[in-house]
Amino acid sequence: LLPKDRPSPRRFRVDVLGATALFGTLASLLLVVNQGAKLGLGSKPVVGMIVAAAIFLPVLVWAERRSVRPILDRSLFRARQYTFGVAVLVGHYLAHGGVLLVAPFLLIDALDFSATKMGIFIAAFSMGRTFLAPVAGRLSDQFGSRVFLVSGNLLLAGALLWLSRLGTGTDQWALFTALLVAGAGAAFVEPVVTSVIMGAVPSDRLGTASASVAMGRQVAFAVGVSA
């Protein structure tokens with residue numbers, strides 16, 4: 001269904017310095033978050049990572065300012081819709097990344113679920129996304145994105161708050177329902193926020209916008225899990 005791409009006669013160099021500085025900055029900051037509580041913020045490895053981040057970050061800013069095709073294109077952030085979309089995306093995945101990591105351990109170790117039963121309960125989070133995401137995406141084209149982004153994140157926040165109040169003696173259906181509601185909230189947000197980000201950039205920067213969606217999601221998950 002897609003038209004055939006026409007190869008561009010122009011050649012672009014990969015932003016090697018920007019990619020290296022970005023990796024160094026993110027890796028250093030994630031290690032500070034991940035190891036800070038375990039080793040202490042004053043420990044030598046953590047202080048070393050803080051120093052590394054302080055070195056990599058200015059290099060990243062300098063490299064992106066001089067690059068012809070920067071990995072982090074500051075010009076895109078002049079579009080309010082793009083900036084808003086990326087911020088919502090990062091906050092959304094940051095909120096539940098850690099929950100998805102620890103949930104299997106809670107279900108198996110604390111609640112004595114079998115692996116199969118645990119898988120079914122975790123799948124409840126994906127059920128809402130599977131069935132509601134296409135509907136949310138289509139309706140957002142008619143009614144706008146804001147109502148879905150706000151209501152979806154509120155629904156997710158409410159479900160996560162509900163999960164945080166459930167103890168080991170809780171009713172299993174309450175746990176399943178809370179995960180289902182959290183998935184429904186995610187279903188309202190994820191396709192819509194992706195559409196907002198992709199629709200906010202010029203057609204020749206769709207690749208960059210798509211990459212920013214993937215990077216924002218993975219960085220948010222990584223920070224959420226580390227925290």
Side-chain angles (χ1 to χ4, degrees), residues 23-50 52-53 87-134 136 149-194 213-227:
F23 172 80
T25 302
L26 292 177
S28 302
L29 292 175
L30 288 174
L31 285 170
V32 169
V33 174
N34 182 264
Q35 297 296 312
K38 179 181 179 181
L39 302 177
L41 292 177
S43 63
K44 290 182 179 179
V46 174
V47 171
M49 289 298 100
I50 294 175
V88 171
L89 176 93
V90 170
H92 174 78
Y93 285 106
L94 183 66
H96 65 267
V99 176
L100 295 180
L101 172 75
V102 301
F105 299 99
L106 167 71
L107 298 177
I108 290 179
D109 295 336
L111 300 180
D112 201 28
F113 281 21
S114 66
T116 301
K117 187 175 180 180
M118 177 274 293
I120 293 173
F121 271 65
I122 297 298
F125 184 77
S126 298
M127 288 180 190
R129 302 160 90 184
T130 301
F131 296 108
L132 293 178
L149 296 181
V150 173
S151 61
N153 276 319
L154 286 175
L155 198 61
L156 175 64
L160 294 180
L161 179 61
W162 185 9
L163 283 170
S164 73
R165 301 289 180 176
L166 298 178
T168 53
T170 189
D171 180 69
Q172 294 182 7
W173 283 108
L175 184 61
F176 186 87
T177 304
L179 289 168
L180 196 64
V181 172
F188 284 164
V189 174
E190 291 166 12
V192 179
V193 76
T194 301
V213 170
M215 189 179 79
R217 178 174 60 244
Q218 297 304 328
V219 169
F221 266 135
V223 174
V225 168
S226 297

Between Val189 and Leu156, is a side-chain contact (heavy atoms from CB on, under 4.5 Å) present by the stated rule, with each step listed? CA-CA 9 Å; Val189 174; Leu156 175 64; over 6 Å; no
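- Here Gln35 contributes atom CD and Leu30 contributes atom CG; the two are 11.0 Å apart, rounded to the nearest 0.5 Å.
- Of the possible polar contacts, none joining the Thr170 side chain to the Leu166 backbone as a donor-acceptor pair under 3.5 Å is found.
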Identify every side-chain donor-acceptor pair in residues 93-114 under 3.5 Å, counting partners at least two apart or on other chains, and give the distances.
unit_1	atom_1	unit_2	atom_2	d
His96	ND1	His92	O	3.1
Ser114	OG	Lys117	N	3.1

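- Applying the salt bridge (charged side-chain N to carboxylate O under 4.0 Å, His left out) test to every pair with at least one member in residues 164-190, sequence neighbours left out, gives these pairs: Arg129-Glu190.
- Residues satisfying the ring pair (Phe, Tyr, Trp, His ring centres under 6.0 Å) criterion with Phe131, sequence neighbours excluded, are absent altogether.
- Put simply, the side chain of Phe125 does not reach to within 4.5 Å of the side chain of Leu180, judged on heavy atoms.
- Taking 4.5 Å as the limit, some side-chain heavy atom of Leu155 sits within range of a side-chain heavy atom of Val181.
- To the nearest 0.5 Å, atom CD1 of residue Ile50 and atom CG of residue Leu31 are 11.5 Å apart.
- Using a distance-only test at 3.5 Å, with no hydrogens or angles considered, a donor-acceptor pair links the side chain of Ser164 to the main chain of Leu161.
- You'll find the side chain of Leu160 reaches within 4.5 Å of the side chain of Leu163, heavy atoms only.
- Remark: Leu132 CG to Met127 CE distance equals 12.5 Å, nearest 0.5 Å.
- Counting heavy atoms from C-beta outward, Leu149 and Phe188 have side chains that stay 4.5 Å or more apart.
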